[in-house]
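Shown next, in C-alpha cells, is the structure this report addresses.
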Protein chains: 2
Amino acid sequence: MKDLTTRQHEILGFIQLHFRQENFWPSIREIQTHFGFRSTNAVMGHLRALERKGYISRVAGQARAFRVTYDDGETPPEGSAEVIDIPIYGHIAAGYPDGVETGGAIGRLQIDVDTAGVRRNRRAFALKVRGESMIGAGIFDGDIVIVEPGLPKHGDIVAALIDGETTLKRFMQKPNHPPYLKAENPDYPELNPVSELVIQGIAKAVVRSL
Amino acid sequence: MKDLTTRQHEILGFIQLHFRQENFWPSIREIQTHFGFRSTNAVMGHLRALERKGYISRVAGQARAFRVTYDDGETPPEGSAEVIDIPIYGHIAAGYPDGVETGGAIGRLQIDVDTAGVRRNRRAFALKVRGESMIGAGIFDGDIVIVEPGLPKHGDIVAALIDGETTLKRFMQKPNHPPYLKAENPDYPELNPVSELVIQGIAKAVVRSL
DNA sequence: ATGTATATTGAAAATGTGTTCAGTGTCAAG
DNA sequence: CTTGACACTGAACACATTTTCAATATACAT
C-alpha cells in the first residue's frame with residue numbers, strides 16, 4: 001500500500017473520526033471547513049489521491065458516500081478469528097474433576113480465541129473473581145477470568161482448588177522446591193505447599209465490565 | 001418503545017440494510033426509489049414518524065445524516081448472545097491533530113454484547129491503553145478497553161481527546177460546574193476543564209491478556 | 001531544466017438532497 | 001358521522017454537495 005503524505009493522512013484521519021463520532025461520513029465542505037481550506041477543491045485533490053492510492057472509494061456524485069478500504073483492517077469482516085463460547089462458573093463446586101458441567105454455569109461469554117489467548121480444543125472456562133487476593137495483579141472482585149486447563153509455569157496466574165474453593169493465585173515454582181501459591185495482595189499470606197494442590201487451569205485473560 | 005407500523009418497519013429495515021451493505025446511509029430519494037414512491041414526501045412522513053417514535057435521529061438539512069437510536073430487533077439470535085466485531089484503534093499517534101492512526105484498525109476483537117456491555121447498533125470500538133494514568137481503576141498499560149460512543153455521566157471512564165492524544169480518564173461533572181477529567185493515579189494531576197474537550201466515548205469493558 | 005506529484009485558491013456549473021405547501025384516500029375509533 | 005392517525009401524490013423551493021475548469025507554488029527526482 002502506497003504511503004500517504006502528512007496532509008492526506010490527516011484528511012483520512014478526520015474522515016474516520018467523523019464517522020466514528022457521528023455515524024455518517026463528512027461532506028467535502030465539512031472537511032474543507034475543518035482544515036480551513038478556502039476551496040473545496042483542496043479537499044477534492046486529497047480525496048482523489050486517497051482514492052487513487054486505494055485508501056477509500058467513493059460513489060461519484062453522491063453526498064457523504066464514502067467507503068474506507070484501507071486494506072489493513074475493516075476489509076475482512078468474514079475471515080475473522082474464531083469465536084468460542086465459554087461458560088462462566090461462579091464459585092466452583094468442590095470436586096470439579098475433569099471439566100465441563102454445563103448446569104453449573106452462571107453465564108456464558110463469547111470471545112475470539114486470539115483476544116482470549118486460549119486454544120479452541122482446550123476446554124476453557126471462566127470464573128467470576130471473588131475477593132481481592134489478586135488485586136496486585138490488577139484483578140479485582142467481580143472480574144471475569146478466562147482459564148484454560150493445562151500445566152502452569154512459574155509465574156502464571158492459576159485457578160486453584162483449595163479447601164473446596166477456587167481461588168486465583170500466582171503459581172511459583174523454584175527448581176528443586178515444591179511449588180507454592182502466592183497472593184498478589186500484601187494483606188494475604190503466601191500459601192505454602194499444599195498437600196492437595198489441584199490446579200484447575202491457567203488464567204489467560206481478564207474481562208471486566210465497567 | 002412505541003410500536004411501528006408495517007411500513008415504518010420496512011423503511012427502518014431498508015435504512016439499516018443499506019447502511020450495512022453500502023457503509024453509508026441512503027438518501028431520501030434512494031428510499032423513495034426502493035419503495036417505488038412517486039413522491040419524496042412519502043418518505044418524509046415515515047422518517048418523521050420514526051424520529052418521533054425514537055427509532056432514529058437525524059441532522060436537519062444534512063444529506064444521509066442518520067443515526068439509528070434503537071434497533072428494532074430483526075437480527076437473528078444465533079446461538080446465545082450476539083457477538084459483535086469490534087475494531088481496535090491502536091495507540092493514537094501523539095501530537096496528531098485529529099488523533100487517528102493511519103490504517104484505522106490495528107486489530108479486532110469479537111465478544112458478545114452482554115459481556116462487553118455495549119449495544120449492537122452503536123459503533124463500539126476498542127483502544128489499547130497506553131500509560132498508567134488509570135491504574136487506580138484497575139486499568140493498566142496494554143489493556144484493551146471497549147469504548148462506546150455516547151454522552152458520559154458523572155463518574156464514567158471516558159476516552160477523551162486532549163492535545164491530539166486520546167487518553168482514558170474519569171469524567172467528573174458536578175451540578176453547575178463545568179466538567180473535568182480525573183486520572184486515577186496519585187502521580188497524575190487532575191485535569192481541569194479543558195476548552196477543547198472531545199469525548200470519544202464511554203469505556204464499557206476492559207480486556208487484558210495475561 | 002524539466003517533468004511529475006502535491007497542495008492550494010477561486011469561481012462557476014450541475015446535480016443531489018432535505019424540506020415545505022397543498023391535497024387525496026383509507027381505515028379504525030369515538 | 002366525524003376525527004385522527006396513516007399512507008401517499010405532486011410540484012416547487014432552497015441550499016447542500018459534488019464536480020469541473022483555470023491557475024499558482026513548492027518539492028523532488030531525472
Side-chain angles (χ1 to χ4, degrees), chain A residues 1-19 22-70, chain B residues 1-16 18-19 21-69 72 96-98 102:
Chain A
M1 174 86 25
K2 296 193 191 80
D3 279 345
L4 294 180
T5 66
T6 310
R7 213 35 161 179
Q8 288 163 4
H9 188 257
E10 286 174 8
I11 305 274
L12 179 59
F14 172 71
I15 292 172
Q16 292 189 260
L17 181 68
H18 184 285
F19 183 70
E22 306 287 345
N23 252 278
F24 50 85
W25 303 103
S27 71
I28 289 185
R29 275 151 204 278
E30 282 167 350
I31 301 172
Q32 175 196 353
T33 305
H34 180 269
F35 288 95
F37 296 145
R38 300 203 198 159
S39 167
T40 56
N41 217 359
V43 180
M44 280 298 287
H46 291 125
L47 292 187
R48 269 191 266 263
L50 285 172
E51 194 159 19
R52 177 168 39 79
K53 292 182 178 177
Y55 282 80
I56 62 173
S57 77
R58 308 180 56 218
V59 182
Q62 297 205 342
R64 301 172 191 273
F66 283 94
R67 275 188 208 100
V68 177
T69 52
Y70 47 72
Chain B
M1 180 73 48
K2 294 195 193 78
D3 279 346
L4 294 181
T5 67
T6 310
R7 214 37 162 175
Q8 286 163 5
H9 187 75
E10 284 174 9
I11 305 275
L12 179 59
F14 173 70
I15 293 172
Q16 292 189 269
H18 185 285
F19 182 72
Q21 290 183 338
E22 305 288 346
N23 252 285
F24 51 85
W25 303 103
S27 72
I28 287 185
R29 279 180 168 80
E30 283 167 350
I31 302 173
Q32 176 197 350
T33 305
H34 179 268
F35 288 95
F37 297 148
R38 301 205 195 157
S39 168
T40 57
N41 217 358
V43 180
M44 281 299 287
H46 292 126
L47 292 187
R48 268 191 269 264
L50 285 171
E51 193 159 20
R52 177 169 38 82
K53 292 183 179 177
Y55 283 79
I56 62 172
S57 78
R58 308 177 57 216
V59 182
Q62 295 207 347
R64 302 170 189 273
F66 284 94
R67 278 187 204 100
V68 175
T69 320
D72 196 7
Y96 226 86
D98 298 306
T102 321

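In what follows, chains are A, B, ... by sequence order, proteins preceding strands, each numbered from 1.
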Can you check whether I11(B) reaches L4(B) side chain to side chain, under 4.5 Å on heavy atoms? no
Check the distance between dT20(C)'s P and L47(B)'s CG and give it to me in whole angstrom. 12 Å
Per-nucleotide protein contact string for nucleotides 7-14 of chain C (B base, S sugar-phosphate only, - none; heavy atom under 4.0 Å): SSBB----
Holding to side-chain contact (heavy atoms from CB on, under 4.5 Å), I want the full list of residues that pass it with S39(A), two or more places apart in sequence or in another chain. N41(A)
So do the side chains of V43(A) and F35(A) get within less than 4.5 Å of each other, counting heavy atoms only? no
In this structure, how many angstroms lie between the P atom of dT6(C) and the CG atom of L12(A), rounded? 15 Å
Got a sec, which residues hit side chain to side chain donor-acceptor pair (under 3.5 Å) with E51(B), two or more places apart in sequence or on another chain? none
Output every pair passing salt bridge (Lys or Arg N to Asp or Glu O under 4.0 Å) with a member in residues 38-50 of chain B, not counting sequence neighbours, ordered by first then second residue. none
Taking heavy atoms of chain A and a 4.0 Å limit, find me the 5'-most and 3'-most nucleotide of DNA chain D within that range. dT17(D) to dA22(D)
Would you kindly give the CD-to-P distance between Q32(B) and dT17(C), to the nearest whole Å? 12 Å
Any K53(A) side-chain N or O less than 4.0 Å from OP1/OP2 of dA5(C): no
Could you give all pairs that pass the salt bridge (Lys or Arg N to Asp or Glu O under 4.0 Å) test and reach residues 23-36 of chain B, with sequence neighbours left out? E30(B)-R64(B)
Parallel, tilted or perpendicular: which one describes the rings of F14(B) and H34(B), with boundaries at 30° and 60°? parallel
Taking side-chain contact (heavy atoms from CB on, under 4.5 Å) as the definition, give me every residue that meets it alongside A49(A), ordered by chain and number, with sequence neighbours left out. Q8(A), R52(A)
Degree of bending in the helix from dA1(C)-dT30(D) to dG30(C)-dC1(D) once both end axes are built from five pairs, to 10°: 20°
Listed by chain and number, what are the salt bridge (Lys or Arg N to Asp or Glu O under 4.0 Å) partners of R7(B), not counting sequence neighbours? E10(B)
Output all residues satisfying side-chain contact (heavy atoms from CB on, under 4.5 Å) with A42(A), sequence neighbours left out; order by chain, then residue number. F37(A)
